[in-house]
Amino acid sequence: MRLKHLYSDAPCTLDYDTPVQLMVATILSAQCTDARVNLVTPALFCRFPDAAALAGADLSELEELVRSTGFYRNKAKNIQAACRMIVEDFNGSVPQTMEALLKLPGVARKTANVVSAHAFGVNLGVTVDTHVKRLSYRLGLTNHTEPVKIERDLMKLIPQPDWENWSIRLIYHGRAVCNARKPECDRCALADLCPSAFLAAQPEKTVAAQG
DNA sequence: ATCCCGAGGG
DNA sequence: CCCTCTGGAT
């Protein structure tokens, strides 16, 4: 199995003006679809365009602006705290190491991976989220259930010289094509190699089979 | 009802 | 491991 063949027609970049905006949008995307994040970010970044503005924002106004993305109280508080830390400790820029990124409130491994890959073109690791787990399991890329072991297995399959964006591609493919409810095997580049593809005609059995 | 590019805390 | 936080789409 060569992951080189895992090409989706999905964009591997998120179009935001600055790394700070990308980080904010990524925090907002937790347990929330991109479409809804894209609905709130224009007004959000018009009102509070950078880390300094977000750091000084009125918290309740910030909460209202991001309300529809869910978990909005946590997200607003974390975004503001992260931006304050960026202003005070990181010279106004999103830090570029995993160690520093993890210090930002609301940023853990998954968000750090996505921010780094999108904003800086550097993969700090393979993000093993619910989508990547499902995709890896269906494709038989791993026998394991622990994210650390799945990550290790995936690392072996990713072409190392140019593995930038692979973390993102895996997530996106798992979300958009190899999705939980109705996997779109007819537009999956790996369908002919996938032991689960034939179940696509019976989506309820596919989901049940994944446990 | 179930899920969504999760994080933080116990 | 568990739980909580939240709104919206399907």
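Lettering of chains follows the sequences in order, A, B, ..., and the numbering in each one begins at 1. These numbers come from a predicted model, not from an experiment.
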- Is any side-chain N of the basic residue among A/Arg47 and A/Glu61 closer than 4.0 Å to the acidic one's carboxylate O? yes
Just the rounded figure in Å: distance from [atom2] of [N] to [atom1] of [X].
X: A/Lys77; N: C/dT4; atom1: NZ; atom2: P; result: 17 Å
X: A/Leu22; N: B/dC5; atom1: CG; atom2: P; result: 16 Å
X: A/Asn38; N: C/dA9; atom1: CG; atom2: C1'; result: 15 Å
X: A/Leu65; N: C/dT6; atom1: CG; atom2: P; result: 16 Å
X: A/Lys75; N: B/dC5; atom1: NZ; atom2: P; result: 11 Å
X: A/Tyr16; N: B/dC5; atom1: OH; atom2: C1'; result: 12 Å
X: A/His118; N: B/dC5; atom1: NE2; atom2: C1'; result: 9 Å
X: A/Leu104; N: B/dG6; atom1: CG; atom2: C1'; result: 15 Å

Discussion item. Is A/Arg67 close enough to C/dG7 that one of its side-chain N or O atoms is under 4.0 Å from OP1 or OP2 there?
Written reply: yes
Which value, in whole Å, describes the distance between the C1' atoms of nucleotides B/dC4 and C/dC5? 14 Å
Give me the distance, rounded to whole Å, that separates B/dC3 from C/dT6 when you measure between the C1' atoms they each carry. 13 Å
Side-chain contact check for A/Ser68: nearest option of C/dC5, B/dG8, C/dG7 is C/dG7
Judged by nearest nucleotide, the residue sitting upstream toward the 5' end of DNA chain B, A/Arg109 or A/Arg36, is A/Arg36
Of A/Gly106 and A/Asp129, the one whose nearest nucleotide on DNA chain B sits closer to the 5' end is A/Asp129
- prompt: Just checking A/Phe71: base, sugar-phosphate only, or nothing, at a heavy-atom cut-off of under 4.0 Å?
  reply: base
For A/Ser93 and A/Asn91, test the side chains for any donor-to-acceptor distance below 3.5 angstrom and give the result as yes or no. no
Verify, without hydrogens or angle tests, whether [X] (side chain) and [Y] (backbone) share a donor-acceptor contact under 3.5 angstrom.
X: A/Arg134; Y: A/Gly174; value: yes
X: A/Gln21; Y: A/Phe45; value: no
X: A/Lys110; Y: A/Asp129; value: no

